Every structure is written in C-alpha cells, then in structure tokens.
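One-based numbering, in listed order, for ligands and for the atoms of each. It should be emphasised that the depicted structure is a prediction, and the values quoted were computed from it without experimental measurement.
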Amino acid sequence: MVQSAKYVSTRGADANEPKSFCDILLAGLATDGGLYVPQAYPSLTTDELAEMRMLSYPALACNIISRFVDDIAAEDLRNIINKTYREEVFGSAEITPLANLAPGLHLLKCSNGPTLAFKDVAMQWLGHLFEYVLARDELELNILGATSGDTGSAAEHAMKSKQGVRVFMLSPKGKLSPFQAAQMFSIQDTNIHNFAVEGVFDDCQDMVKAVSNDLSFKAQYRIGAVNSINWGRIVAQVVYYFKAYFAATTNNSEKVSFSVPSGNFGNVLAGHVARMMGLPIRQLIVATNENDVLDEFFHTGVYRPRQSSDTQHTSSPSMDISKASNFERFLFDLAWRDPAVVRELMQKVDSEGGFDLSACDQLWGRVPAFGFVSAKSTHQDRLATIRMVHQKYGVDIDPHTADGIKAGLQRHDGSVPLICLETALPAKFEATMAEALGHNPPRPEKYIGIEALPQRFVVLTTSVDKLKEVIAKGCQF
Ligand SMILES: *Cc1c(COP(=O)(O)O)cnc(C)c1O
C-alpha cells in the first residue's frame with residue numbers, strides 16, 4: 001500500500017482532494033469530464049529496476065501495480081494478482097512470452113488469454129479485483145457496454161461467475177465474426193447478459209450512452225463500465241512492457257523500442273507510463289489503420305476526432321475508432337500537467353472539432369522527448385505484412401499485429417531492439433487471414449467447434465426504454 005498513490009483529473013477536478021485507487025476504479029470519467037491520472041508517476045531507482053529483472057510475472061505485476069494502489073492491503077493485492085496471472089489462464093508461466101523473429105526484432109505475445117486478445121491481460125485482473133472490492137465494500141456493480149468484438153468477450157470471460165458483478169453487453173446483430181459471437185454467446189453463466197441489437201455498433205454505443213446519461217437509473221442500478229479509459233486496465237498493461245524489456249535485454253543500460261497497434265490509445269499509453277516510471281524505452285511507435293486520428297496528430301500536431309460516419313470499417317476492426325479516448329492522458333503530460341491547458345484544448349475539440357499544436361513549440365516541440373512516432377497501415381499493407389512474416393519468419397500474425405509490425409519496421413530507428421506487440425491471435429480473424437495466406441489459421445484446440453455450442457442472447461431493437469426494462473429485470477437475479 002503506497003500512501004502517495006493518489007489520483008487527479010486531467011481537467012483539474014479533485015486537485016485539492018485527490019482520490020484513491022478504488023474510488024476511481026469504478027468512477028469512469030471525472031466529474032469535470034476529464035480522465036483520472038496519478039498525481040505523480042512512481043519513479044524507479046536504478047536498484048529497484050535491477051531487482052525487477054529477476055521477478056516472475058506475478059511478482060513483477062505485484063511490484064508495479066502496488067505502486068499505483070493506496071487502498072488495498074498488500075497481502076490482498078498479492079492474492080488478487082496471483083489468482084489472475086496463472087499458467088492455466090494464459091497458457092504459460094511467462095504470461096506474455098517474448099518471441100524472437102530476427103536479430104533485434106521481437107514479438108510480445110500478449111494474446112494467449114481466454115479470448116485470444118491482449119485485452120484479457122487487463123480484464124482478467126479487473127474481474128478478480130472487482131470481485132474483491134465489491135465484496136469488501138458490500139456493493140454490487142452492473143457493467144453496461146457496447147462491443148464490436150474483442151472488448152465484450154474479454155469483459156464477459158473475466159466477469160463470468162464473479163460475485164457481485166453482472167454484465168449487460170450490446171453488440172450489433174449479425175456483425176460480429178462467427179467466432180467472436182460464439183465466444184460471447186456461448187457463455188452460460190447467469191450473470192452475463194448478451195443483447196444482439198438490430199443496428200450497427202454506433203447504435204449500440206448510443207444506447208449505452210443514453211442509459212448512462214439517465215443519472216437516476218444509473219445510480220439506482222449501479223451501472224458501471226470497463227471501457228479502455230479504466231485506469232485499472234492501464235496499470236495492468238504497464239506490467240508487460242517491463243516484462244518484455246527484461247526479456248529482450250541483458251542489462252538495464254540497454255534501450256528498446258515498442259510498436260503498438262492502437263485504437264483508443266490505452267495500450268500504448270501504458271508504454272508511456274512505463275517510460276515515465278523510468279523503463280529505458282527509446283521509441284513508442286503508434287500504429288493505426290485507415291482510421292488515422294493518431295497518426296495525423298503525431299505527424300502534423302493536429303488532433304481532429306472524426307464523426308462516427310467518417311469511421312471506416314477495416315480488416316483490423318478493433319482499431320476502428322473515431323477518437324482516441326486515452327489520448328487526453330498523454331496530452332496532460334505533454335502540457336506540463338497543467339489542467340488549464342488541457343481544458344482549453346478539449347474545449348476546442350468540442351467547439352471547433354479539434355486543435356492544432358504545430359505552431360506551439362512549448363507543446364508540439366516536446367513530443368519527440370516522449371519517444372512517440374507513428375505510422376498508418378492499409379488493408380493491402382496488412383495482407384502484405386501477414387504474408388511477409390509468414391514467409392520470412394514462419395509465424396502467423398493477426399491483422400492488428402500486422403499493422404503494428406508494418407509501422408514498427410517503417411519507423412524504428414534501428415539502433416535498439418524493436419518489440420512489436422501481438423494484440424490478437426490470427427484465429428479470431430479467419431477471413432482476412434485466408435485472404436492473405438490462402439488458408440485458415442490454426443485454431444487453439446479448445447476453440448475448435450465453438451460456433452456449434454448452444455448460444456444465449458436476447459435480440460433487441462434500438463429502443464432505450466426496452467433496454468432499461470431488460471436491465472432492470474436482469475438485476476432481479
Ligand atoms: C483493443 C485492441 C486494439 C487497440 O488497443 P487500444 O488500447 O484501444 O489502443 C488493438 N488490437 C486489438 C486486437 C484490440 O483488441
């Protein structure tokens with residue numbers, strides 16, 4: 001338990017009365033619309049970093065996460081972490097093993113959890129953490145969310161059978177891949193409620209927003225979220241940047257660069273946090289697909305969220321975003337942690353649709369010092385990269401990971417090892433894999449035939465009243 005780990009909003013709320021970890025864990029956005037960030041990043045001494053090199057994954061997770069948690073007893077926190085990061089859940093004791101592709105080129109395998117995407121690494125811990133906190137504080141939580149695939153299934157597999165938690169998950173009917181639909185709809189636990197909505201993903205998201213904006217309903221039914229701004233998810237993701245660094249180097253005077261397939265900027269933000277703590281990272285390469293809000297910013301200084309109608313559906317669908325929710329946390333650091341600057345910039349997003357930092361040397365001039373660079377990739381790039389990695393290294397990568405490798409090879413400066421994050425397994429995206437390689441990717445054994453399992457879901461129209469009705473009913477059990 002670290003007494004100094006307290007949280008403030010990027011827009012200034014709570015600056016005089018910083019919050020504890022468990023307060024912000026279930027809070028979502030701060031009251032002023034900002035995101036919670038640590039009052040200060042924990043900073044590691046050379047000795048501390050040296051000691052970490054020897055640690056197992058759960059011990060490393062404990063060492064790092066405990067620096068961000070001020071209100072869970074040390075022994076309880078260790079138990080929660082040990083329950084989460086087990087070989088039976090992640091396929092190996094290393095949890096996120098590093099595979100070497102070529103001298104100086106590595107793949108960090110983050111996708112061997114229950115739903116075959118990196119989101120499991122954070123979501124599994126959130127499941128155990130929520131169960132603990134809710135029992136301790138005698139609370140219940142109803143998680144409401146919308147998903148186009150990966151987030152929903154990671155959340156459901158983390159929360160199923162957990163005491164005190166229910167999940168209500170909306171997905172666009174008929175728009176998920178058969179594999180993704182089976183992963184969610186075949187869950188039989190009664191605390192998991194799947195709704196197939198007759199509409200597109202944006203309709204699902206609008207319904208979730210409408211319910212969350214009904215503050216009395218939200219309070220009465222204790223509605224919460226596990227979206228990518230959840231700080232609990234970010235801290236868990238910080239851990240594998242350390243793990244990868246130690247696996248790729250032999251001593252702490254070396255540096256590495258990371259390339260990260262990015263959407264809401266949660267994963268690469270965790271890399272930024274690791275770097276701010278003192279992990280020797282040279283570059284953080286932000287990889288986007290055709291939805292290039294982030295690539296545009298890192299190239300031009302212009303941040304311009306898109307309309308959802310301008311958001312393309314691509315073959316790396318989990319990166320199809322119109323705005324990068326976690327970007328504000330980086331902006332806060334870039335702006336010398338001055339909430340007044342963040343407020344002004346985010347106001348511009350609301351009133352003018354975006355902002356341009358290119359003429360502001362005080363801010364834009366600092367970006368290189370944080371190690372951020374970016375590149376974007378297209379459908380053709382993904383196919384070519386999947387083929388290249390298959391032929392040259394004998395490894396199959398999924399379309400999102402391909403975006404990351406493409407950007408990494410394009411942008412890294414070559415002087416230090418490059419670590420590319422694998423964010424999903426190819427088995428989740430059969431159609432694109434078959435287009436690239438001419439055959440379906442191999443499926444891990446326990447997922448063979450999951451499309452044939454009995455499925456539990458309720459079909460809904462886009463009626464918000466009806467959604468509220470089924471949530472209220474679901475809460476009776
Ligand atoms: C969620 C996801 C991403 C994007 O991660 P962010 O944290 O939103 O940047 C990339 N790839 C896959 C496979 C994902 O599921």
Mind checking whether [X] and [Y] have parallel, tilted or perpendicular rings, split at 30° and 60°?
X: W364; Y: F297; answer: perpendicular
X: W125; Y: F21; answer: tilted
X: F265; Y: F330; answer: tilted

Exercise. Between D295 and K376, does at least one N-O distance fall below 4.0 Å, as a salt bridge requires?
Worked result: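 Between K376 and D295 there is no salt bridge, as every charged N stays at least 4.0 Å from the carboxylate O atoms.
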
For this session: Give a yes or no on whether a salt bridge exists between R456 and D189, defined as a side-chain N under 4.0 angstrom from a carboxylate O.
Result: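 No, no charged N to carboxylate O under 4.0 Å.
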
Problem set entry | Protein residues having a heavy atom less than 4.0 Å from any atom of ligand 1 |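 For ligand 1, the contacting residues are F118, K119, D150, P261, S262, G263, N264, F265, G266, N267, S318, M319, H400, T423, A424.
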
For this session: Could you tell me which non-hydrogen atom of V121 sits nearest to which non-hydrogen atom of C110, and how far apart they are?
Result: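 Distance-wise, the nearest heavy atoms are CG2-O, 3.7 Å.
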
